[in-house]
Protein chains: 2
Amino acid sequence: MMTTARPCTIADTLAVVGEKYSLLILREVFFGVRRFDAMARNIGAPRDILTARLKRLVEAGLLEKVAYSERPPRYEYRPTAAGVELQGVLHLLRQWGDRHLAGSPPVVFSHTCGQELDPVVTCRGCGESVAPGSLTADFKVPGWGASGAV
Amino acid sequence: MMTTARPCTIADTLAVVGEKYSLLILREVFFGVRRFDAMARNIGAPRDILTARLKRLVEAGLLEKVAYSERPPRYEYRPTAAGVELQGVLHLLRQWGDRHLAGSPPVVFSHTCGQELDPVVTCRGCGESVAPGSLTADFKVPGWGASGAV
DNA sequence: TACAGTTAGTCCAGTTTTCCAACTAACCCC
DNA sequence: GGGGTTAGTTGGAAAACTGGACTAACTGTA
């Protein structure tokens with residue numbers, strides 16, 4: 001009888017950034033907002049929750065806490081390289097919402113190429129977009145499915 | 001005084017798929033697991049929570065509930081086109097975890113091109129990858145920042 | 001010196017959500 | 001009739017979230 005959940009990196013990643021507000025903290029940090037008060041305002045998160053989330057993100061290596069004042073001690077939060085790697089997730093979430101939810105986009109991004117950003121997930125190997133059905137899953141853990149198209 | 005949170009499509013999207021287990025439901029559905037019991041097992045989610053999440057995802061148009069048995073009435077959950085569009089998010093979350101969390105990947109995906117999938121977010125306009133700093137944000141709502149690099 | 005303002009939190013009581021296990025309902029197969 | 005499958009529902013305890021007030025250590029202004 002199967003009693004544990006599927007071993008899964010997506011679930012593991014969500015254990016780090018899947019709690020309420022965590023991805024919104026990263027959003028703010030990418031917008032250049034790096035201080036506690038401004039984050040609390042922009043996100044609309046309770047301050048104690050924000051404290052807890054920042055702590056978690058620092059521990060997980062997505063943000064680093066940097067002093068910008070000695071007295072009184074004051075810190076700001078900067079994205080690490082690992083944190084920056086999650087920017088794509090935010091682009092895709094924004095794209096999905098802009099496409100499927102009511103209302104006009106509150107922010108538009110322009111790429112250096114001059115075009116408005118429309119993000120596409122591609123395969124690094126061949127450069128083609130990753131279309132549904134273009135993948136084969138190979139499960140490495142016994143009991144959790146064989147190879148199959150996704 | 002600013003009292004409301006930043007208007008943001010990312011936050012709006014997370015209101016739909018940001019609750020605990022929602023993205024894992026989509027993961028299962030993409031693996032072809034479409035029935036309640038199997039989802040509950042594979043995700044490890046409480047059954048009442050699963051019920052609530054499935055309801056929400058159906059209402060939001062990400063899944064559709066399709067009868068596969070008349071008597072007794074039995075339904076399965078299939079991804080809609082809008083649901084499938086979120087697959088990229090899962091690929092990126094998995095990639096991030098495979099890179100930054102301990103343990104070896106429990107699943108590996110192969111693209112039709114023959115290579116192991118390493119997803120990259122690119123700009124549809126120019127085909128180049130979306131590197132940090134290669135974007136300019138243009139805020140459409142007054143009071144929420146001017147143009148700036150991201 | 002007094003006083004308002006800024007910044008980064010902490011604390012608390014009340015509400016909401018989640019968790020877990022058990023239970024129901026409607027079937028099928030033997 | 002008994003056991004197995006499937007899709008939920010229910011209820012009580014535990015955990016998380018909420019909003020607001022509060023602290024501490026400054027800065028800048030009059």
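Naming convention: chains lettered A, B, ... in sequence-line order (proteins, then strands); numbering from 1 in each chain. Predicted, not measured: the structure shown is a model, and the values here were computed from it.
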Gap between atoms [atom1] and [atom2], on [X] and [N] respectively (whole Å):
X	N	atom1	atom2	answer
Ile49(B)	dG12(D)	CD1	P	17 Å
Asp37(A)	dC26(D)	CG	C1'	14 Å
Leu50(A)	dA16(D)	CG	C1'	16 Å
Glu70(B)	dA25(C)	CD	P	21 Å
Glu19(A)	dA16(D)	CD	P	8 Å
Lys20(A)	dA15(D)	NZ	C1'	15 Å
Glu76(A)	dG9(C)	CD	C1'	17 Å
Ile43(B)	dG8(D)	CD1	P	14 Å

Using a cutoff of under 3.5 Å, can you pull out all pairs of nitrogen or oxygen atoms linking the protein to nucleotides 19-25 of chain D, with atom names and distances?
{"residue": "dG19(D)", "atom": "O6", "partner": "Asp48(A)", "partner atom": "OD2", "Å": "3.4"}

Do the side chains of Arg27(B) and Ile43(B) get nearer than 4.5 Å, heavy atoms only? yes
Do any side-chain nitrogens or oxygens of [X] fall under 4.0 Å of OP1 or OP2 in [N]?
X	N	answer
Tyr77(B)	dG8(D)	yes
Tyr68(B)	dA7(D)	yes
Thr51(A)	dT10(C)	yes
Lys65(A)	dG9(C)	yes
Arg53(B)	dT17(C)	no

To the nearest 0.5 Å, what is the distance between [atom1] on [X] and [atom2] on [Y]?
X	Y	atom1	atom2	result
Asp138(B)	Phe109(A)	CG	CZ	10.0 Å
Leu92(B)	Thr13(A)	CG	OG1	10.5 Å
Arg47(B)	Asp37(B)	CZ	CG	4.5 Å

Donor-acceptor check, side chain of Ser134(B) to backbone of Val130(B), threshold 3.5 angstrom: yes or no?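 Pair absent, no side-chain N/O of Ser134(B) close to backbone of Val130(B).
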Is Glu76(A) salt-bridged to Lys65(A), going by a charged N under 4.0 Å from an acidic O? no
So, His111(A) and Glu128(B): side-chain donor and acceptor under 3.5 Å apart, yes or no?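 Result is no, nothing qualifies.
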